[in-house]
**Student:** 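Below: one structure in structure tokens.
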Amino acid sequence: MLLVSTFLYSAGAAVAAFMALEAYLAVAAADQTYPSVVLAAVAAVGQVTGKLLWYWAGAGTTRLPWLRSKLESPRIEAAMTRWRGRTEGRPVYTGLVLLASAFAGLPPFMVMSVVAGVLRVRMWLFVGTGLVGRFLRFWIVLEAADLAWLLF
């Protein structure tokens, strides 16, 4: 049950930014039913599954009026032009930016999910870097929480 709830909460937190996934994982670590690596993998899959909704929203901006109106502002258009210039034809650079975003949250992974969709980044690159970055991030959170639960 913990794995299913972790997946569902992770997917929900990927869509709704107000859900604190790291806090959930810290509490889930206290359960000690599953190793941290397993919980981190399930959370990463849930997160990337949820982020795919943002990716597809970015890719389908012409069909989503509310997102299209946001992307048509001069400031956002200029930023998208810069991102397109930096990433076009540079999959290694694009992958490193997505990996950094998925791991450290800079730039925010939710924003980068939309940007990746708008720029038509290959889905395998988005999913692969997202899984690796999120897995490492969540594994560190879970290991730190395990240590904290042992100490206190």
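Residue indices begin at 1 and follow the sequence shown.
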**Student:** Using the rule that Ile, Leu, Val, Met, Phe, Trp and Tyr join whenever any side-chain heavy atoms are under 4.5 Å apart, tell me whether Met112 and Trp124 fall into a single cluster.
**Tutor:**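 Looking at the clustering, Trp124 is in the same group as Met112.
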
**Student:** Could you check Asp146 against Gln32 for side-chain contact (heavy atoms from CB on, under 4.5 Å), going step by step and ending with a plain yes or no?
**Tutor:** CA-CA 8 Å; Asp146 276 342; Gln32 302 274 322; 3.2 Å; yes

**Student:** I'd like to know if the side chain of Ser5 reaches the main chain of Met1, judged simply by a donor and an acceptor atom lying under 3.5 Å from each other, with no hydrogens or angles considered.
**Tutor:**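 Yes, the answer is positive, given that a donor and an acceptor are paired below the 3.5 Å cut-off.
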
**Student:** Mind checking whether Thr129 and Val97 have side chains closer than 4.5 Å, heavy atoms only?
**Tutor:** no

**Student:** Please answer: with hydrophobic residues joined when any side-chain heavy atoms are less than 4.5 Å apart, are Val37 and Trp149 in the same cluster?
**Tutor:** no

**Student:** State plainly whether one hydrophobic cluster holds both Leu96 and Leu136, where clusters connect Ile, Leu, Val, Met, Phe, Trp and Tyr through side-chain heavy atoms under 4.5 angstrom apart.
**Tutor:**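 No, separate clusters.
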
**Student:** Does any non-hydrogen side-chain atom of Thr94 lie less than 4.5 Å from one of Arg122?
**Tutor:** no

**Student:** Please name the pair of heavy atoms, one in Ser113 and one in Trp54, separated by the smallest distance, quoted to 0.1 Å.
**Tutor:**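 So the minimum-distance heavy-atom pair works out to CB-CB, 3.7 Å.
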
**Student:** Could you work out, with ring pair (Phe, Tyr, Trp, His ring centres under 6.0 Å) as the rule, every residue matching Tyr9, not counting sequence neighbours?
**Tutor:**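 Applying ring pair (Phe, Tyr, Trp, His ring centres under 6.0 Å) to Tyr9 gives Tyr24.
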
**Student:** Should Leu21 and Leu106 be counted in the same cluster of Ile, Leu, Val, Met, Phe, Trp and Tyr side chains packed under 4.5 Å apart?
**Tutor:**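 No, Leu21 does not connect to Leu106 through the hydrophobic network.
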
**Student:** Do side-chain atoms of Ser36 reach the backbone of Trp139 as a donor and acceptor pair under 3.5 angstrom?
**Tutor:** no

**Student:** Could you report the tightest heavy-atom contact between Ala14 and Met110, atom names first, then the distance?
**Tutor:** O-CE, 3.3 Å

**Student:** Kindly give the heavy-atom pair with the smallest separation between Pro91 and Leu125, and that separation in Å.
**Tutor:** O-CD2, 3.7 Å

**Student:** Taking distance alone, no hydrogens or angles, what donor-acceptor pairs closer than 3.5 Å link side-chain atoms of residues 74-88 to residues at least two apart or in another chain?
**Tutor:**
{"residue": "Thr81", "atom": "OG1", "partner": "Glu77", "partner atom": "O", "Å": "2.9"}
{"residue": "Thr87", "atom": "OG1", "partner": "Trp83", "partner atom": "O", "Å": "2.8"}

**Student:** Among Phe126, Tyr55, Phe103, which residue meets the ring-ring contact (aromatic ring centres under 6.0 Å, His included) test with Phe109?
**Tutor:**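 It is Phe126; the other options fail the test.
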
**Student:** As an exercise, state the distance from CE of Met123 to CG of Leu52, rounded to the nearest 0.5 Å.
**Tutor:**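 Between atom CE of Met123 and atom CG of Leu52 there are 6.0 Å.
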
**Student:** Taking all heavy atoms of Leu25 and all of Leu142, pick out the closest pair and write down the distance.
**Tutor:**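 Taking every non-hydrogen atom into account, O-CD2, 3.2 Å.
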
**Student:** Looking only at non-hydrogen atoms, find the nearest pair between Phe135 and Ala41 and report the distance.
**Tutor:** CD1-N, 3.6 Å

**Student:** Taking salt bridge (Lys or Arg N to Asp or Glu O under 4.0 Å) as the definition, give me every residue that meets it alongside Glu22, ordered by chain and number, with sequence neighbours left out.
**Tutor:** Arg137

**Student:** Determine the minimum heavy-atom distance between Ala44 and Leu131, stating which atoms define it.
**Tutor:** O-CD2, 3.7 Å

**Student:** Counting C-beta onward and ignoring hydrogens, is there a side-chain heavy-atom pair between Phe138 and Val42 closer than 4.5 Å?
**Tutor:**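 A side-chain contact is absent here, since even the closest heavy-atom pair is not under 4.5 Å.
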
**Student:** Same cluster or not: are Leu151 and Val27 linked, directly or through other Ile, Leu, Val, Met, Phe, Trp or Tyr residues, by side-chain heavy atoms under 4.5 angstrom apart?
**Tutor:**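 Leu151 and Val27: separate clusters.
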
